[in-house]
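Just below is one structure, and these are the notes that go with it.
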2 protein chains.
Amino acid sequence: MIKRILALALAFPLGALPPPALAQNGEVVRSERANFRLTTFASGLERPWGMAQLPDGQLLVTERPGRMRLVGRDGALSRPLGGVPQVEAASQGGLLDVALAPDFERSREIFFCSAMLVQGGALTRLTRARLAADGAELEAVTPILDATPAQSSGRQHYGCRIAFGADGRLFLSTGDRNVDRMRSQRLDDLAGKVLRVDREGRPQRDNPFVDQPGARPEVFSHGHRNPQGLALNPWTGSLWLAEHGPRGGDEINVLRPGANYGWPVVTHGVNYSGTTISERSSAPGMVDPIRVWTPVISPAGLAFYDAAAFPGWRRSLFVAALNSPGLVRLTTDGDQVTGEERLLFDRRIRMRDVLVAQDGSLLVLTDESDGRILRLAPG
Amino acid sequence: MIKRILALALAFPLGALPPPALAQNGEVVRSERANFRLTTFASGLERPWGMAQLPDGQLLVTERPGRMRLVGRDGALSRPLGGVPQVEAASQGGLLDVALAPDFERSREIFFCSAMLVQGGALTRLTRARLAADGAELEAVTPILDATPAQSSGRQHYGCRIAFGADGRLFLSTGDRNVDRMRSQRLDDLAGKVLRVDREGRPQRDNPFVDQPGARPEVFSHGHRNPQGLALNPWTGSLWLAEHGPRGGDEINVLRPGANYGWPVVTHGVNYSGTTISERSSAPGMVDPIRVWTPVISPAGLAFYDAAAFPGWRRSLFVAALNSPGLVRLTTDGDQVTGEERLLFDRRIRMRDVLVAQDGSLLVLTDESDGRILRLAPG
C-alpha cells in the first residue's frame, strides 16, 4: 500500500493528481451490506446542486450557474428549461435546491431555492413555479420567501435545502452567510435557520416564535451554520439536518421546533486559522448534534434509504460529502445514528446530493464543472 | 481657552502631560445642578477598587494587589487588615469589590470578590468574612462561590461587583474572561453573568434557570461582557448594571431575572482591531441597554444619589469612568436615563468606584498606583 502511494506521488506530483474517474463504467463495488454496480447515469451538468425525480421517472436537476434541466430515463439531458429567473451565481451562490410539491402529479408545482441579488445585497430565496406540461419551461414563477436581511458583502453559506415534513409543510434551511456569524442566533434574522412555511411562503401559526415580539414567525429552529442537507426520516417523522462546520465540527441534527443548535455559541469546530470560536461544544438550552465529523467531510445532500432494492441498506441515511469526498452511509435507530460506512472515498469525487430513485437505486450528483449523476444499483 | 491648550501642549509635549492632580485642594467646582467642594480625602492607596462605609463612618477599601484597609473619618489609612487571602493580582485581577452585609451592625459580616488562582486557572470568587471587633483583621474567612470553570489563559474581565437587592439577596457580576466570549451565552458557565445567591453562596430557589437541566442555578441574568458596576435603584427596586464594551458599546442595563443582555450576539461595539463582532445591536429575546456610550467611557462603579446634601442630584446615578475618565451623572426617571452630565473630565483621573457617604457627600476611588479617595461635598 505504501509503495503504491509512493508510486502515485511520484507519478502525480502535487497539483497533478490523476483526474477523478470511475475505474470502469459498470464496475461492481463491494461494501459492508451490499455490492452495487456503479455507473455514470448522466454527465455534462455544470456544478449540479439539487435534484428531484418526477413521477414519470425523469429527473429535475439544478445547475448552480442558473440552469435547470430534465434528465431522461436514458440519462439524456434536456435543454435548459425556460422561465428560470436569473440568480446570483457567484462564489457558493447560484441555483441550488429543487423539490416537488407533495401533490406534484396533480399541481405540477415545484419549489426551488437560489441565491438572489436584491436591494441591499444577496440572500437565499425560495420560489414556487409550475413545470409546464411539456416539461420545457417553468410557468407562474413566484418568489415566496426571502431569507432577509440581504447582505451586501460575502457570497457564501446560503444553506438552501428544501424538504417537506410528514404533515406536508415546507421546510427551508438557510446559512449564516459567513460574515456576521451571530445572525444564526438572532431571531429577527432569517439567516442560519430552518424555516417552516406553507406553499405561499407564509409562516405557520404554530411556529415556535410567532408570539415573540420582533422574532420572525417563519423560524422553526436556529443556531445553524451552513445546512445543506435536509431530509425527512420516514420511520420517525423527524427532519434530519446536515450542516457544515468550520474547521471541524460538521453536524447531523434532529430538528425540534424552537430549538437552538448552538452556532456559534457552541461548536466542535475552530476557525480555519486554528483560532477558537467557542471552547465548548455543548451548553444547556442548546441541542447537541447526533453526529459530528472532525475532520470535516462537508455533508451536503441527505437521503434516507427506504426502498427494497438494497435490503441491507434499509434504515440507512446516505450523506453526500464534498470534502473527504464520497458517500457516507449511516445506520440509524429511531433518531439516533448507530454506525457509519464510507463508500467510494477512494474515488475523490465531490458529491453534492443524493436521492433514492423509484427503482431503489441511489443517484448521486457530483460537484464538478462536468458534473455527473452516478448510479448505484444492485449488481 | 485655545491659548491655554496651546500653552499646555507646548509646555507638556506628547508623553509628558502634566500629572493628574486637583487644581487645588478644596477648590469649588461649578456644575449644572450643584457646586461642590473637591478635596482629597485620603491618598496612598494602591489601585483601590471597591469601598463600603461602616456604620461608624470609617471606610473599608480594597487595593487590587490584595490588601484591604480601613480609612478613618480623618482620612488616615489603617495598616492592611490581617486575614485577607492571597489573590491572583495579575493584569485586571486582584482584590476587587467589597460590600457589607445588610445586618453588618449586628453580624459584622462582609463580602468581597477577587480573582483567584485555583486548579485549572483563574476565576472570580466571592468570599464571606467577619470584620474583627477591633477592625484589624478578617475572621471566619469563607469562600462561598466560585464563578467556574476556571480559565487557564487570560487574566482579564473578572467583572466583580457585589450588591444586595431590595429583598436582601446577594448579587455578583462576573465578566466573560475575554478569551472565549461565548461563555456569556452559555448557562452552564458562570462567566459573563449576574448571579443571585444567599449569604452561604447558595442559589435561590426562584432563580430563573433552576429547572433547566445543565444550567447553573446561580444564574440571574446572562450575556454580559465585563460588568464592573452594580447598584440598587432605591426608587424602583431594580438592579442597574454597568458593563464595559469592547471598542464602543459601553452599556447600562436594568436587570430582569433570566434575561439575556446579548453579548456577543448583539453589541454596539466592535473589536479593538476594528473588525465586526456582530452587525446588530439588538435582537428579539435579548434586552437592550438603557444607555450606550460610543466611544467608551469604561464605566466601573455606580452609585444612586439618594441623600439630602445635594438636592439637585436627587434621582441621579453617578458612574465612575476609567477612560474618558471622570464622573458621569445620569438623571433618571423610573428605570430610564433622562440626561447626562460629565463632571471632572478635565482632570483626566481614572475613577474606579463611587459611593454616597452617610453625610451626603460623594466619595470617589481613583485608579492610580498612588490612589486617592476624592470627596465632593457641598461647597
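Just so it is clear, the model here is predicted, and its values are computed rather than measured. Quick note on labels: first sequence line is chain A, next is B, and so on, each numbered from 1.
At a heavy-atom separation below 4.5 angstrom, chain A is approached by B/Pro264, B/Val265 within residues 252-265 of chain B. When the heavy atoms of residues 332-340 of chain A are compared with those of chain B, none of the residues falls under 4.5 Å. Residues of residues 282-292 of chain A lying within less than 4.5 angstrom of chain B, judged on heavy atoms, are A/Ser282, A/Ala283, A/Pro284, A/Gly285, A/Met286 in numerical order. Scanning residues 197-219 of chain A against chain B with a 4.5 Å heavy-atom cutoff picks out A/Gln212, A/Pro213, A/Gly214, A/Ala215, ordered by number.
Between the B/Asp180 side chain and the A/Ser278 main chain, no donor and acceptor come within less than 3.5 Å of each other.
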Candidate pair B/Arg280 and A/Asp188, rule salt bridge (charged side-chain N to carboxylate O under 4.0 Å, His left out), full reasoning: CA-CA 10 Å; B/Arg280 295 288 304 283; A/Asp188 57 352; 2.7 Å; yes

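You'll find the side chain of A/Val266 reaches within 4.5 Å of the side chain of B/Arg186, heavy atoms only. Proximity of A/Met182 to B/Thr267: side-chain heavy atoms (C-beta onward) are nowhere separated by under 4.5 Å.
Most heavy-atom pairs under 4.5 Å with chain A, from the set B/Gln185, B/Glu279, B/Arg181: that is B/Glu279.
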